[in-house]
Amino acid sequence: MDTTNQRPLKIGITCYPSVGGSGIIATTLGVELAKRGHQVHFISYERPFRLPADQERIFFHPVTINDYGLFKYPDYTLPLSVKMAEISCQYELDVLHVHYAVPHATAAILSRCMLPPHKQPKIITTLHGTDTTLLGKDPGYGPAIVHALTQSDAVTTVSEYLKIESRKVLGFKGPISVIHNFFEPHPVQQSREEVRNELGMGDEIMLLHSSNLRPMKRIDLLLETAARIRTRQAFKLVILAGGNFAPFMDDVRRLGLEDTVIVRENILEIENYLGAADIGLITSESESFCLSILEAMSFACPSVATAVGGIPEVVDNEKSGLLVPFGSADALARAVERLIEDKDLRARLGVEAKLQAEKRFSADAIVHQYEELYQRISQKTNCSSIR
Ligand code: GMT
């Protein structure tokens, strides 16, 4: 569908605002939609960290969570749903697009029930990963997720893999559109040399791992891999940790990696590091897409990664990176050694990685798919308005 002659839409976006792939995607999507003429309203408990302060057509509406001392656990879902209803009504939103089902999709459905039919936005839920693969299996969440998906006007997943998993884990039978993640790098602020100086590095190869350190990222396997790379003096492993790395320091010491591992916690602008990196390293046991691989690809940095979940949809093995079956630190180490030792291979994979990132996973390749979906569902009559 050609969206160029369609009217601009009023779009609400709810996501987790802190460091994390789903929040980064939602924020970048909002920024790109605003650039394309749509009005975008972010609704969350904090301003998403990548949201520019002064971009035209972008608004942020905070959700206030009061702690009344009545409840053991403060509730977010209800104030979020009330804010969604308020903003939908006030700005006459066409679409409310929620990223990560829990609790955003449920709050969106509830907000719609608070509104008269002519004020109800269409609701799109994007599943990102653990909302299906982890929470979807939890009997305390699964039925609520399925309910919210069934009531959504459209459901998307960030990979084919996640679509299949969502059918399997949740038993959800409704339509699912696969719209891959995308990345639009901010310009780097520091040169490769400046970044390396700041890290205390010489001319070693820079292996980069960037993640939230959750159990499925398998930091144990990451460190084990680093320990098994035979050319220890040839590289440093830089870990951009979206969380506290301290619990892993015992492993770093046990493996004798104190001089090899460099950790930076909660870095908000990762582009400087991506520009300085030579090889990405991902050892996850589950991953619906893996935005950090794509981020590295955009900087012509090929990754060595486990061939799990949606990763093979992002990395073409032996063409834009190297994939290894999950579980073997030795196999990962051998793949990293290949790239350390073969500069030409590294460069060739890097060139293809950047090409793929631009061709398949850039804003230009992806954002129009969301626009087309929004336009398509906006044209549908609200079920409740014809009842
Ligand atoms: O589901 C999570 O663990 C968190 C989520 C996030 O917010 O970073 O990660 C998921 O969504 C990302 C963005 O779509 C994907 O790149 C990650 O692969 C995915 N994580 C998992 O599937 C474990």
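What you see below is based on every heavy atom in this structure, not just the backbone, and it leaves out hydrogens, waters and symmetry mates. None of the values given here were measured: they were computed from a predicted structure.
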Query - Within 6.0 angstrom of N244 CG, more than 12 heavy atoms from elsewhere - result: yes
Query raised in the report: Near Q233 CD, under 6.0 Å, is it more than 12 heavy atoms from other residues, nucleotides or ligands?
Result: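 Count not over threshold, so no.
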On a heavy-atom basis, which atom in [X] and which in [Y] lie closest, and how many Å separate them?
| X | Y | result |
| --- | --- | --- |
| H186 | F299 | O-CZ, 4.4 Å |
| S210 | I282 | O-CD1, 4.3 Å |
| L115 | Q120 | O-NE2, 3.0 Å |
| Y141 | V102 | CE2-CG1, 3.5 Å |
| R334 | R228 | NH2-O, 2.9 Å |
| D278 | P302 | O-CD, 3.5 Å |

What I want to find out is whether [X] reaches [Y] closely enough, with some N-O distance under 4.0 Å, to be called a salt bridge.
| X | Y | answer |
| --- | --- | --- |
| E193 | R196 | no |
| K359 | D364 | no |
| E337 | R230 | yes |
| K217 | E287 | yes |
| E352 | R360 | no |
| E224 | R218 | no |
| D94 | R7 | yes |

Using atom types as modelled and distance alone, determine if a side-chain donor or acceptor of [X] lies under 3.5 Å from a backbone N or O of [Y].
| X | Y | result |
| --- | --- | --- |
| K83 | L78 | no |
| N212 | G20 | no |
| S362 | A365 | yes |
| E295 | I293 | no |
| D330 | S328 | no |
| R192 | A276 | yes |
| S152 | V155 | no |

Requested in this report: Can you spot which of T156, N181, T157 makes a side chain to side chain contact (heavy atoms under 4.5 Å, CB included) with H128?
Outcome: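 Exactly one pass, corresponding to N181.
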Requested in this report: State whether a side-chain donor-acceptor pair under 3.5 Å links H38 with E371.
Outcome: yes
Requested in this report: Consider only side-chain N and O atoms of T126 and H97, and report whether a donor and an acceptor are under 3.5 Å apart.
Outcome: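 Distance-only check passes for T126 and H97.
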Report task. Let me see the working for K119 and E86 under salt bridge (Lys or Arg N to Asp or Glu O under 4.0 Å), right down to the final yes or no. Result -> CA-CA 10 Å; K119 292 279 187 183; E86 182 190 313; over 6 Å; no
Query - Residue from K122, R376, R112 passing salt bridge (Lys or Arg N to Asp or Glu O under 4.0 Å) with D153 - result: R112
